[in-house]
Amino acid sequence: MGVTGPIRVVVAKPGLDGHDRGAKVIARALRDAGMEVIYTGLHQTPEQIVDTAIQEDADAIGLSILSGAHNTLFAKVIALLKEREAEDIKVFGGGIIPEADIAPLKEQGVAAIFTPGATTVEIVAWVNANVRQPAEA
């Protein structure tokens with residue numbers, strides 16, 4: 001089942017965050033790098049995000065979380081993807097995430113975490129290198 005065409009990424013702001021400049025910067029950088037980006041806007045529930053990702057046949061979900069609720073929200077998105085048999089959709093995220101929380105999030109299945117200071121070049125390179133890889137060989 002070789003997938004062709006641009007990588008499709010859902011960029012989402014779960015929870016109560018009211019600040020989405022960072023998410024929009026990432027969405028634009030991914031788009032400029034040739035990816036198809038679906039930006040869901042503010043105040044999305046994990047259910048809405050997973051529904052969008054499945055409906056849009058997304059390859060990845062990028063979550064931007066500044067509210068401190070990252071442990072709960074990432075876990076919920078990953079659990080819903082498992083429930084919906086959509087674990088092939090990679091989840092990555094960024095925002096204000098304490099160093100101590102990064103390893104546990106990765107153990108739960110978050111593929112990558114980008115903290116403040118990560119560059120759009122770094123994030124685009126990571127998506128290109130890790131989403132849809134390894135191709136179903």
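In this structure, OG1 in T115 is found 12.0 Å from CG in D101, a value given to the nearest 0.5 Å. With rounding to the nearest 0.5 Å, the separation of CD in Q108 from CD1 in I78 is 6.5 Å. Note that CD1 of I113 and CD1 of I102 are 6.0 Å apart. Values are rounded to the nearest 0.5 Å.
Under the 4.5 Å side-chain criterion, counting only non-hydrogen atoms from C-beta, L81 is in contact with I61. With contacts defined as side-chain heavy-atom distances shorter than 4.5 Å, the pair L73/P46 qualifies.
L63 and I7 are assigned to two separate hydrophobic clusters, defined by single-linkage of ILVMFWY side chains at heavy-atom distances under 4.5 Å. The cluster map of Ile, Leu, Val, Met, Phe, Trp and Tyr, joined by side-chain heavy atoms under 4.5 Å apart, puts V127 and V91 in different clusters. By the criterion of side-chain heavy atoms lying less than 4.5 angstrom apart, applied directly or through intervening Ile, Leu, Val, Met, Phe, Trp or Tyr residues, W126 is not grouped with I89; the two fall into different hydrophobic clusters. V11 is not connected to V77 by any chain of hydrophobic side-chain contacts under 4.5 Å among Ile, Leu, Val, Met, Phe, Trp and Tyr, and they are in different clusters.
When the side chain to side chain donor-acceptor pair (under 3.5 Å) test is applied to Q48, the partners found at least two apart in sequence or on another chain are T45. Residues meeting the side chain to side chain contact (heavy atoms under 4.5 Å, CB included) test with A118, sequence neighbours left out: F114, E122, I123. For P116, the side chain to side chain contact (heavy atoms under 4.5 Å, CB included) partners at least two apart in sequence or on another chain are I96. Remark: A60 engages V9, K90, F92, V131 in a side chain to side chain contact (heavy atoms under 4.5 Å, CB included) (not counting sequence neighbours). Residues satisfying the side chain to side chain contact (heavy atoms under 4.5 Å, CB included) test with E87, not counting sequence neighbours, are K82.
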Legend entry - Trace of the side-chain contact (heavy atoms from CB on, under 4.5 Å) decision for V124 with D32: CA-CA 9 Å; V124 166; D32 289 349; over 6 Å; no
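Legend: ring pair (Phe, Tyr, Trp, His ring centres under 6.0 Å) pairs involving residues 67-86, not counting sequence neighbours: none detected. Within the structure, every pair that satisfies the salt bridge (Lys or Arg N to Asp or Glu O under 4.0 Å) test and touches residues 43-54, not counting sequence neighbours, is listed here: E47-K76, D51-R84.
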Show me, pair by pair, the donor-acceptor contacts under 3.5 angstrom made by side chains of residues 14-31, not counting sequence neighbours?
from : atom 1 : to  : atom 2 : distance (Å)
D17  : OD1    : S67 : N      : 2.9
D17  : OD1    : S67 : OG     : 3.4
D17  : OD2    : K13 : NZ     : 3.1
D17  : OD2    : L66 : N      : 2.6
D20  : OD2    : Y39 : OH     : 2.8
R31  : NH2    : V37 : O      : 3.3

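The minimum heavy-atom distance between D59 and P6, with the atom names listed, is OD2-O, 4.1 Å.
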